[in-house]
2 protein chains.
Amino acid sequence: MDKKRLLVDMDGVMADVYAQFMAWEFRATGIQYRREDVIGVDEVQAFPNGKKHVYQKYFFESMPVMENAVEIMRQLTHAYELFIVTAAMEFPNSLPEKYRWLDTHFPFIHWKRRVFCGDKSVIQGDILIDDHFKNLDTFSGKTYLFTQPHNANSTDHGHERVANWLEIAEKLL
Amino acid sequence: MDKKRLLVDMDGVMADVYAQFMAWEFRATGIQYRREDVIGVDEVQAFPNGKKHVYQKYFFESMPVMENAVEIMRQLTHAYELFIVTAAMEFPNSLPEKYRWLDTHFPFIHWKRRVFCGDKSVIQGDILIDDHFKNLDTFSGKTYLFTQPHNANSTDHGHERVANWLEIAEKLL
């Protein structure tokens with residue numbers, strides 16, 4: 001039987017965007033935000049210097065990896081036809097940085113399985129793991145909502161929630 | 001009625017890859033190739049230094065634009081939900097260069113309508129214009145084969161051939 005096609009988002013699923021924003025905000029201002037401080041607000045808007053940081057060199061390339069993501073992704077690449085689908089076009093400086101980030105942390109994901117796009121509605125697959133409703137709500141397959149501060153207070157819009165990579169492993173492996 | 005989704009390839013359709021390879025080969029070796037010399041051979045393989053040039057800075061960014069492509073693309077963006085779908089992942093240095101190339105020559109194509117990928121089979125649409133059978137043969141919608149030296153001697157594999165942008169305009173506008 002053909003493997004199911006699994007689409008995995010990068011920012012907020014594989015990459016810990018909030019850890020990065022908090023670290024860069026602290027470095028810029030000395031203010032230490034916690035995840036509890038930014039519940040319900042879009043990531044870039046949640047931090048005073050967020051809009052500046054996404055244009056700064058090395059912001060995307062130096063993103064911390066989500067806990068357990070590497071080992072579980074490695075297993076998922078065997079069980080599924082796995083594609084990385086990431087919105088990279090709004091911040092074009094992120095394009096080479098995201099590519100190198102994948103090479104560094106997920107070198108087992110072949111370049112054929114990488115998609116950098118603007119609007120994910122053009123990508124087809126059986127399963128999507130993402131942290132943004134704008135991507136999940138238009139997807140026709142099975143959807144998993146990765147809990148992040150910006151979506152933590154929302155209803156689930158009918159998507160199945162996962163809080164971390166161990167929960168993804170439980171459900172998908 | 002919803003607009004049909006039209007996917008347009010960059011290299012060999014919007015961008016004149018052969019003109020670029022011939023110019024760079026001439027600059028490197030003094031040998032002037034003609035399109036007739038490289039019929040039936042994959043673009044990168046057709047030129048002795050092709051594999052070197054695709055890794056060189058500015059190769060992708062300085063590609064000549066296909067004749068009439070800009071004006072006809074501008075009209076197509078009104079008539080269709082148009083997405084650029086380009087295989088950029090094999091040569092990651094091409095990622096920012098292709099983005100800037102679009103900004104320079106096709107600034108009217110919003111970043112939301114740009115997809116840089118490895119394997120195009122993951123992209124869904126109604127119509128695809130491409131010069132490579134590997135992309136057209138797996139596409140479920142209507143397909144147009146843009147004639148280029150590498151496919152000029154092949155059968156059409158059931159795709160409708162177009163030789164230039166004026167023919168695209170005739171068929172799609």
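Just so it is clear, the values below take in all heavy atoms, side chains as well, and ignore hydrogens, waters and symmetry mates. In what follows, chains are A, B, ... by sequence order, proteins preceding strands, each numbered from 1.
- For A:Glu160, the CD atom sits in a packed shell: over 12 heavy atoms of surrounding residues, nucleotides or ligands are nearer than 6.0 Å.
- Cluster membership for B:Phe133 and B:Val162, using ILVMFWY side-chain heavy atoms within less than 4.5 angstrom, is not shared.
- With B:Gln124 contributing its side chain and A:Ser121 its backbone, the two residues share a donor-acceptor pair below 3.5 Å.
- Heavy atoms of A:Arg5 lying under 4.5 Å from chain B belong exclusively to its side chain.
- Considering A:Val122, A:Val85, A:Ile123 as possible partners of B:Val122, the one that fulfils the side chain to side chain contact (heavy atoms under 4.5 Å, CB included) test is A:Ile123.
- A:Val17 and A:Val54 fall within the same hydrophobic cluster, defined by Ile, Leu, Val, Met, Phe, Trp and Tyr side-chain heavy atoms under 4.5 Å apart, directly or through other members.
- The CG atom of B:Asn93 sits 9.5 Å away from atom OH of A:Tyr99, with the distance rounded to the nearest 0.5 Å.
- Listed here is the closest heavy atom pair of B:Met89 and A:Trp111: CB-O, 3.3 Å.
- With hydrophobic clusters built from ILVMFWY side chains whose heavy atoms lie under 4.5 angstrom apart, B:Phe146 shares a cluster with B:Met10.
- Criterion: ILVMFWY side-chain heavy atoms under 4.5 Å apart, direct or through other members. Under it, B:Met66 and B:Ile129 are part of a common hydrophobic cluster.
- Among A:Ile84, A:Asp103, A:Val115, A:Leu7, the residue making the largest number of heavy-atom pairs under 4.5 Å with chain B is A:Val115.
- For CD of B:Gln75, the number of neighbouring non-hydrogen atoms (other residues, nucleotides, ligands) closer than 6.0 Å is greater than 12.
- Heavy atoms closer than 4.5 Å to chain A are found in the side chain of B:Phe83, but not in its backbone.
- Between chain B and the residues A:Glu81, A:Lys112, A:Glu90, the most heavy-atom pairs under 4.5 angstrom are made by A:Glu90.
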